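Just so it is clear, the model here is predicted, and its values are computed rather than measured. Keep in mind that the numbers below use all heavy atoms, side chains included, and drop hydrogens, waters and symmetry copies.
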Amino acid sequence: MAAIYSLFIISKSGGLIFYKDYGSAGRMDTNDSLRLASLWHSMHAISQQLSPTVGCTGIELLQADSFDLHCFQSLTGTKFFVVCEPGTQHMESLLKVIYELYTDYVLKNPFYEMEMPIRCELFDLNLSQAIQKDRVALLGR
């Protein structure tokens with residue numbers, strides 16, 4: 001069973017710009033993934049406003065019985081979140097690796113337009129390698 005179910009990247013305005021399914025049991029269609037991304041963007045924004053602590057950046061981890069949702073928000077407001085098996089460790093470091101891949105292969109691509117869906121072969125290739133490397137590391141623990 002895969003430790004990582006899916007990966008979402010949401011633009012600062014709340015639009016889904018990247019979605020990748022890694023073999024989760026209940027695959028989502030395009031509309032469901034768009035709804036989930038929009039819902040997460042809204043929940044993240046509301047949590048920042050309702051937090052009793054000053055300087056809260058939003059929800060970083062949502063734990064449920066059947067999955068964990070880890071979120072990383074960049075300084076520009078782009079959100080990266082991974083849905084994974086409950087109790088999966090070191091997702092924060094994987095999200096930072098994914099963010100580095102995003103900056104290296106997407107943002108530096110002269111043909112990429114901000115806020116548009118990500119269509120970059122080098123990003124896809126390196127992302128697949130990073131996810132595979134993470135899975136191998138998880139099996140070795």
Side-chain angles (χ1 to χ4, degrees), residues 1-53 55-141:
M1 182 182 249
I4 298 166
Y5 297 146
S6 54
L7 166 69
F8 294 79
I9 302 177
I10 306 172
S11 69
K12 64 181 175 183
S13 61
L16 181 64
I17 58 174
F18 185 83
Y19 168 69
K20 182 76 173 174
D21 187 15
Y22 292 100
S24 59
R27 292 211 162 119
M28 289 188 287
D29 65 7
T30 304
N31 288 334
D32 288 338
S33 59
L34 288 169
R35 275 192 289 272
L36 180 60
S38 177
L39 178 66
W40 181 253
H41 176 74
S42 301
M43 286 176 45
H44 199 270
I46 291 169
S47 70
Q48 288 175 321
Q49 294 174 357
L50 294 178
S51 174
T53 59
C56 176
T57 59
I59 302 171
E60 294 178 358
L61 173 62
L62 177 74
Q63 294 178 314
D65 292 338
S66 58
F67 68 90
D68 285 353
L69 190 151
H70 294 263
C71 182
F72 170 74
Q73 180 173 326
S74 70
L75 293 175
T76 60
T78 304
K79 293 172 200 64
F80 300 78
F81 71 91
V82 172
V83 180
C84 60
E85 288 180 353
T88 305
Q89 301 293 316
H90 309 291
M91 286 294 110
E92 297 82 14
S93 59
L94 176 63
L95 285 168
K96 289 181 180 168
V97 167
I98 293 169
Y99 174 65
E100 289 175 11
L101 294 172
Y102 171 76
T103 58
D104 286 344
Y105 296 105
V106 177
L107 295 182
K108 293 178 183 175
N109 182 344
F111 301 107
Y112 177 70
E113 294 182 35
M114 294 298 291
E115 306 283 320
M116 296 304 292
I118 297 171
R119 306 267 186 258
C120 180
E121 193 174 318
L122 282 174
F123 176 71
D124 291 339
L125 178 68
N126 285 284
L127 178 63
S128 296
Q129 290 174 351
I131 298 293
Q132 186 63 31
K133 185 177 172 183
D134 188 69
R135 284 182 177 168
V136 169
L138 285 171
L139 291 174
R141 291 181 188 139

Next on the checklist: Minimum heavy-atom separation for Gly58 and Ser47, please, with both atom names.
Outcome noted: CA-OG, 3.4 Å
Item to check | Shortest non-hydrogen contact from Leu94 toward Ile131 | outcome: CD2-CD1, 4.1 Å
Checklist entry - Nearest 0.5 Å, what's the OG-CD1 distance between Ser51 and Ile59? => result 10.0 Å
Checklist outcome for this item: So CD1 of Ile118 and CD1 of Ile17: to nearest 0.5 Å the spacing works out to 4.0 Å
Checklist entry - In terms of ring plane angle, is the pair Phe72 and Phe80 parallel, tilted or perpendicular, where the classes change at 30° and 60°? => result tilted
Checklist entry - Can you tell me how far CD of Gln73 sits from NZ of Lys12, rounded to the nearest 0.5 angstrom? => result 11.5 Å
Next on the checklist: Which label fits Tyr102 and Phe123: parallel for a plane angle under 30°, tilted from 30 to 60°, or perpendicular past 60°?
Outcome noted: perpendicular
Next on the checklist: Quick check: closest heavy atoms across Cys71 and Lys79, and the distance to 0.1 Å?
Outcome noted: SG-CB, 4.3 Å
Item to check | Closest non-hydrogen atom pair between Glu85 and Asp68, with its separation | outcome: O-OD2, 4.0 Å
Next on the checklist: Test: side chain to side chain donor-acceptor pair (under 3.5 Å). Region: residues 113-125. Which pairs qualify, not counting sequence neighbours?
Outcome noted: Ser11-Glu115, Ser13-Glu115
Item to check | Residue from Gln89, His90, Lys96 passing side chain to side chain contact (heavy atoms under 4.5 Å, CB included) with Ser93 | outcome: His90
Checklist entry - Going from CE on Met116 to CZ on Phe111, what distance comes out if it is rounded to the nearest 0.5 angstrom? => result 15.5 Å
Checklist entry - If you round to the nearest 0.5 Å, how far is CD of Gln63 from NE2 of His70? => result 7.0 Å
Item to check | Euclidean distance, Phe18 CZ relative to Leu127 CG, rounded to 0.5 Å | outcome: 5.0 Å
Checklist entry - Are Trp40 and Phe81 close enough that some pair of their side-chain heavy atoms sits under 4.5 Å apart? => result yes
Checklist entry - Nearest heavy-atom pair of Ser74 and Tyr99: which atoms, and what distance? => result CB-CE1, 3.4 Å
Item to check | Heavy-atom pair of closest approach, residues Phe67 and Pro86 | outcome: N-CG, 3.6 Å
Item to check | Pairwise side-chain contact, Met91 with Ile4, heavy-atom cut-off 4.5 Å (strictly under) | outcome: yes
Checklist entry - Is it true that a side-chain atom of Thr103 and a backbone atom of Glu100 form a donor plus acceptor pair closer than 3.5 Å? => result yes
Checklist outcome for this item: Taken in chain and number order and not counting sequence neighbours, the residues that satisfy ring pair (Phe, Tyr, Trp, His ring centres under 6.0 Å) with Tyr105 are none
